[in-house]
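This chain uses plain numbering: 1 for the first residue, then up along the sequence.
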Amino acid sequence: MFELPIDVDEIKGFLDAAEGSALQRAFRAGAALGPGLEIGAYCGKSAVWLGAVAKGLGTTLFSVDHHRGSEENQPGWEYHDPDLWDHSVGAMDTLPHLRRTLRQAGLEDHVIPVVAKSAALASLWRTPLGFLFIDGGHTMEAALGDYRGWTPHLAPGGVLAIHDVFPDPADGGRPPFEIYQRALASDLFCEVEAVKSLRVLRKQ
Ligand code: SAH
Ligand code: MG
């Protein structure tokens, strides 16, 4: 376990401590093969768990998000937080929260925020990754786009983590589960660990 520089319970988000430690193990397992990258920063909770690993091992985490929120974060939806609304433009904006989190955690030299739509960046990305965390949009288009767009950038032996995998549809939406199933069925990945809604797989 890599020590957390701040109290992560104070950061808005939906990742619990057991999942956070599993993420740390996953990043550590792939870190020798290249930097790490997460899709879905929100206010920086996973970025702190993973940034602590990047700092400890002398590597880098890229944290990608358009910062306008997923579907379920929009007004009227279940996971809307009015504190994250930028009234001046009439849209969600989590970037200031991420930056504050990274500043307070002393992780600005270890986590590189990228403000981008996942698919737009994936098509231009060239650096092989040692670790990839998919925790972005939950529509089928978003989840499948993340899987198809980013897993080719994972180095052989690299580690893939997927959040919000709910085998029982009563527990939550299906797209993250669908891409997890697709990864297993592809024979490119084998499962390493499952903690709550987090799944960790290694690329062959
Ligand atoms: N990992 C975060 C939670 C991420 S929530 C934590 O630990 O707290 C999902 C995030 O994905 C949201 O902030 C949303 O803005 C972002 N997102 C959704 N679709 C996206 C897309 N297509 N490209 C980039 N970011 C996206
Ligand atoms: Mg999530």
Problem - Pair Trp77-His80, ring pair (Phe, Tyr, Trp, His ring centres under 6.0 Å): steps then yes or no - result: CA-CA 6 Å; Trp77 290 69; His80 178 61; over 10 Å; no

Problem - Verdict with reasoning, Ser21 to Trp49, per side chain to side chain contact (heavy atoms under 4.5 Å, CB included) - result: CA-CA 7 Å; Ser21 342; Trp49 283 98; 4.2 Å; yes

Exercise for the section: Show your reasoning for whether side chain to side chain contact (heavy atoms under 4.5 Å, CB included) applies to Leu37 and Val114. Expected result: CA-CA 10 Å; Leu37 183 142; Val114 184; over 6 Å; no

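At least one donor-acceptor pair closer than 3.5 Å links the side chain of Lys45 to the backbone N or O of Ile11. A side-chain donor-acceptor contact under 3.5 Å links Trp125 to the backbone of Thr127. A distance-only check finds no donor-acceptor pair linking the side chain of Thr151 to the backbone of Arg148 [under 3.5 Å]. Of the possible donor and acceptor atoms, one in the side chain of Glu19 sits under 3.5 Å from a partner among the backbone N and O of Asp16. Although no hydrogens or angles enter the test, the distance criterion places a donor-acceptor pair under 3.5 Å between the side chain of Lys203 and the main chain of Leu154. In this structure, Ser63 contributes its side chain and Pro113 its backbone to no donor-acceptor pair below 3.5 Å. Judged by distance alone, with hydrogens and angles left aside, the side-chain atoms of Thr60 form no donor-acceptor pair with the main-chain N or O of Pro35 at under 3.5 Å. Distance alone, capped at 3.5 Å, places no donor-acceptor pair between the Lys12 side chain and the His97 backbone. Counting only distance, with no hydrogens or angles, the side chain of His67 and the backbone of Val115 share no donor-acceptor pair below 3.5 Å. Looking only at distances, no side-chain donor or acceptor of Gln24 sits under 3.5 Å from a matching main-chain atom of Gly20.
The nearest pair of heavy atoms linking Arg174 to Phe166 is NH1-O, 3.3 Å. Of all heavy-atom pairs spanning Ala26 and Phe131, the tightest one is CB-CE1, 3.6 Å. The shortest non-hydrogen separation linking Val64 to Ser118 is CG1-CA, 4.5 Å. The two atoms that bring Leu102 and Ala47 nearest to each other are CD2-CB, 4.3 Å, heavy atoms only. In plain terms, the two heavy atoms of Leu129 and Gly36 that are nearest each other are CD2-C, 4.4 Å. Between Val111 and Gly51 the shortest heavy-atom distance is CG2-CA, 3.6 Å.
The distance from the CZ atom of Arg103 to the CG atom of Leu107 is 12.0 Å, given to the nearest 0.5 Å. For the atom pair CG (Leu50) and OG1 (Thr59), the distance works out to 11.0 Å, reported to the nearest 0.5 Å. From Gln204, atom CD reaches atom CZ of Phe189 across 9.0 Å, with rounding to the nearest 0.5 Å. Atom CG in Asp135 sits 10.0 Å away from atom CZ in Phe14 (nearest 0.5 Å). The CG atom of Leu98 lies 10.5 Å from the CG atom of Asp93; values are rounded to the nearest 0.5 Å. How far CD of Glu78 is from CG of Asn73: 10.5 Å, rounded to the nearest 0.5 Å.
The shortest side-chain heavy-atom distance between Lys196 and Leu198 does not fall under the 4.5 Å cut-off. Taking 4.5 Å as the limit, some side-chain heavy atom of His138 sits within range of a side-chain heavy atom of Pro176. Taking the side chain as every heavy atom from C-beta outward, Asp164 and Phe177 never approach each other to under 4.5 Å. Within the 4.5 Å cutoff, the side chain of Leu144 has no heavy atoms near those of the Glu178 side chain. A heavy-atom distance below 4.5 Å is found between the side chains of Arg199 and Pro167. Contact of the Ile134 side chain with the Leu160 side chain is registered, since non-hydrogen atoms from C-beta on lie closer than 4.5 Å. Looking only at side-chain heavy atoms (C-beta outward), Cys43 and Leu84 come within less than 4.5 Å of each other.
Neither Val8 nor Val195 shares a network with the other; the hydrophobic side chains, linked directly or stepwise wherever heavy atoms of I, L, V, M, F, W or Y lie under 4.5 Å apart, form separate groups for each. In this structure, Phe27 is a member of the same hydrophobic cluster as Val48, with clusters built from ILVMFWY side-chain heavy atoms closer than 4.5 Å. Residues Phe133 and Leu188 fall into different hydrophobic clusters, defined by Ile, Leu, Val, Met, Phe, Trp and Tyr side chains chained together at heavy-atom separations under 4.5 Å. Leu23 and Leu33 are not part of a single hydrophobic cluster, where members link through side-chain heavy atoms under 4.5 Å apart. When hydrophobic clusters are built by joining Ile, Leu, Val, Met, Phe, Trp and Tyr residues whose side-chain heavy atoms come closer than 4.5 Å, directly or via intermediates, Leu61 is grouped together with Val159.
Sequence neighbours left out, not one pair with a member in residues 63-72 passes salt bridge (Lys or Arg N to Asp or Glu O under 4.0 Å).
Using modelled atom types and a 3.5 Å distance limit, the side chains of Tyr180 and Glu191 yield a donor-acceptor pair.
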